[in-house]
Number of protein chains: 2
Amino acid sequence: MRDGSAARVPPERRATIKEVAEAAGVSRSTASRALTGNGYVAEGVRLRVRQAANELGYVVDAMARSLKQQSTRSIGVLVSDLRNEFYANLAAGASRQATRLGYTVMLIDDQGIPEDELAAAEAFVALRVAGVVATPVSAGATDFLLRQRVPVVEVDRRFSDGACDAVVIDNRGSARVVTRHLIDLGHRRIALLIDEDDWTTGRERREGYADALEAAGLPHERELVIPTGWDVEAAKAAALELLSSPGRPTAIFAANNVLAEGAWRAAAELGLRVPDQLSLAAFDDVPWMSMVTPGVTAVAQDAGAMGRAAVQTVVDRIADPAAGTRTIVLSAAVQLRGSTAAPSEVESDLRVG
Amino acid sequence: MRDGSAARVPPERRATIKEVAEAAGVSRSTASRALTGNGYVAEGVRLRVRQAANELGYVVDAMARSLKQQSTRSIGVLVSDLRNEFYANLAAGASRQATRLGYTVMLIDDQGIPEDELAAAEAFVALRVAGVVATPVSAGATDFLLRQRVPVVEVDRRFSDGACDAVVIDNRGSARVVTRHLIDLGHRRIALLIDEDDWTTGRERREGYADALEAAGLPHERELVIPTGWDVEAAKAAALELLSSPGRPTAIFAANNVLAEGAWRAAAELGLRVPDQLSLAAFDDVPWMSMVTPGVTAVAQDAGAMGRAAVQTVVDRIADPAAGTRTIVLSAAVQLRGSTAAPSEVESDLRVG
DNA sequence: GCGACTTATGAAATCGTTCCCACAAATATA
DNA sequence: TATATTTGTGGGAACGATTTCATAAGTCGC
């Protein structure tokens, strides 16, 4: 029985256009025209070539094509941590938009490491991607790409202000609204959990927080701005310390979803009731915030929309490299949930006492 | 001042190895050897070439290289939905392992659509990826890739049993353990929320559920196996109907994290206390399950590890295309949390009455 | 029936790289 | 000294496609 079946045995080597041309009895040029649709080809010939290609299982070699055409249909996407839902949604939006526009995506997760980011940028240049969408962690990668004449769109945060396109949200305004919300509820000691100050996101969120305090005539107390690490554990540790201290705040504003998770876990571990004993608000609305009880008040960035917009922008830029740079600012909604409420009397007493 | 700065103006066109060679005063062959490290090159010459390359901002054209070498250093990764944390973690693990092994990743999110999956497979072939890691949604893509002689590793679920390598977990065993756990707690009416039956994951989880019921001598009631849709809303709707019915189950086993989210939201909407009035267990342990109160008992698959293992497997396969196919079965731990407990007396009465 | 245009085809150059080969000089081995 | 062997270099042929150009036949308008 073996070898007796009619199953077609795949050939050792992949078919080339030359073989397709021979099978169809035409020249390579004609075969190319028949398959790509560029230039004149007689209808009968077109069909013959298409059929020959099918029978041989021919698939164009994108590299040979790009080499000749000196351009590719792929876009580099560089994110800091795919395991973080924000970046995953961003990448999903970018990927889908790219597919829709006929591009493929080269995705690299640089783990937030500047060296890896630079290596990724080099890989993108080597692969001659048509453009790059990146959530930068340093100025290095963008600089390198721009020097190499590769269109870049910075997403979420900016390092090369004005030198390239960008898609961001109104971090400062959103942070101000959230802080204002807490102040309006009666909070006077509002801590800000923040991982960094070097990025535009962190800086702007901090500024928005400060804006709101100032507008309300509240002091901007240094010890209430808590620098944390990058991951949940570090954030939790920082929050534990903060919440165990005598001058404990009545509200925490976490500058992103990871820090919010740390704060939430810390509060749970200390047995603090939210919102009675602690109000919690966050930047980045992720699913768990609407699943826990009470839900967590959060700034809802549409990461998927950011990814889509970034890809659209980079494709526009590829089409017109000379146009002036654009910065797209997307709005973000604040989802008010049960985690923010007026500080309780008891808490006020505790604070005073 | 403008144009007076010493800033180097990037050249219009990218430098080629020919230009590097000329700048260093050697032939293209020598320049190539100096940069790649293959073959003999005098030390002084090597340095001269490297410097020339640096000064010209030379970056090798990966496409020209691959065309000549007839191989690439990139791997195609195909997932169903990057917004789902399971796939995001899988992709993150795959991406990082690929980077570690010197490969770049072409990522495509096929949205679970068979046509898109096939189109992605074609794109991978066109780009001549060295191998593909995929969470298949139909047999088509894998078949096509195998016919095209592209190494494929199926992850999470299988369509081409034995025809290619695979990385999966013990779905049946894990489902059995969870169901058994619910039975041991005293549950007799345990519903299974499941999205599909066509994939190995769904089938095996269902079998594990059935195994446990049978082993306990419990009837396998048809109306307790609930087919849901793919998204949270559909799952929630199905769960709402189930939980509002007179013969309502005392426990729900959700076959994945999306369905679990739907069930959780449904229970919350109906005001059912977990675990007093309803026990909930799930497949796929995602962060929210340990953040809500009570935590949700879940099978913890390490998606990142699956992605890593898949990439490792496909790279091994690239190295030895003739070796027999392997199926790697990773173990999954069951995280027991507060959402599963013995059914309350009141509930039992309700059920009887 | 003659120029102008459209349609159709194939030969050959080209994209940027690698790598086989030929050759030469330096070094090691007999 | 004669002969291998190692080290170093450059010429040129690939890799697989696209695309320019030349050529030729058919069509149109007059």
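Chain identifiers are assigned alphabetically (A, B, ...) following the order of the sequence lines, protein sequences preceding nucleic acid strands; residue numbering begins at 1 within each chain.
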Strictly distance-based, threshold 3.5 Å: is any side-chain N or O of A:R158 a donor or acceptor partner for the main-chain N or O of A:C164? yes

Return yes if some donor-acceptor pair links the side-chain N/O of B:Q97 with the main-chain N/O of B:A309 below 3.5 Å, else return no. no

Just so I know, are the side chains of [X] and [Y] near enough to count as touching, which here means a heavy-atom distance under 4.5 Å?
X      : Y      : value
A:L127 : A:M106 : yes
A:E115 : A:D110 : no
B:L330 : B:D302 : no
B:Y103 : B:S74  : no

When the nearest nucleotide of DNA chain D is assigned to B:E43 and to A:S32 on a heavy-atom basis, which residue is associated with the more 5' position? B:E43

What integer distance in Å separates A:E19:CD from D:dG16:P? 8 Å

Which two nucleotides bound the region of DNA chain C that has atoms under 4.0 Å from heavy atoms of chain A, read 5' to 3'? C:dT6 to C:dG16

Using a strict 4.0 Å threshold on nitrogen-to-oxygen distance, state whether [X] and [Y] make a salt bridge.
X      : Y     : value
B:R14  : B:D61 : no
A:D109 : A:R83 : no
A:R96  : B:D81 : yes

On the 0 to 90° scale, with breaks at 30° and 60°, tag the B:W230-B:W199 ring pair as parallel, tilted or perpendicular. tilted

For DNA chain C, which residues in residues 59-74 of chain B have a heavy atom at a distance below 4.0 Å? B:V60, B:D61, B:A64, B:R65, B:K68, B:Q69

Output one line per pair: protein atom, nucleotide atom from nucleotides 9-12 of chain D, and distance, for all N/O pairs under 3.5 Å.
residue : atom : partner : partner atom : Å
D:dT9   : OP2  : B:A42   : N            : 2.8
D:dG10  : OP2  : B:S27   : N            : 3.0
D:dG10  : OP2  : B:S27   : OG           : 3.2
D:dG10  : OP2  : B:T30   : OG1          : 2.7
D:dG10  : N7   : B:R33   : NH2          : 3.2
D:dG10  : O6   : B:R33   : NH1          : 3.2
D:dG11  : N7   : B:S29   : OG           : 3.1
D:dG11  : O6   : B:S29   : OG           : 2.9
D:dG12  : O6   : B:S29   : OG           : 3.3

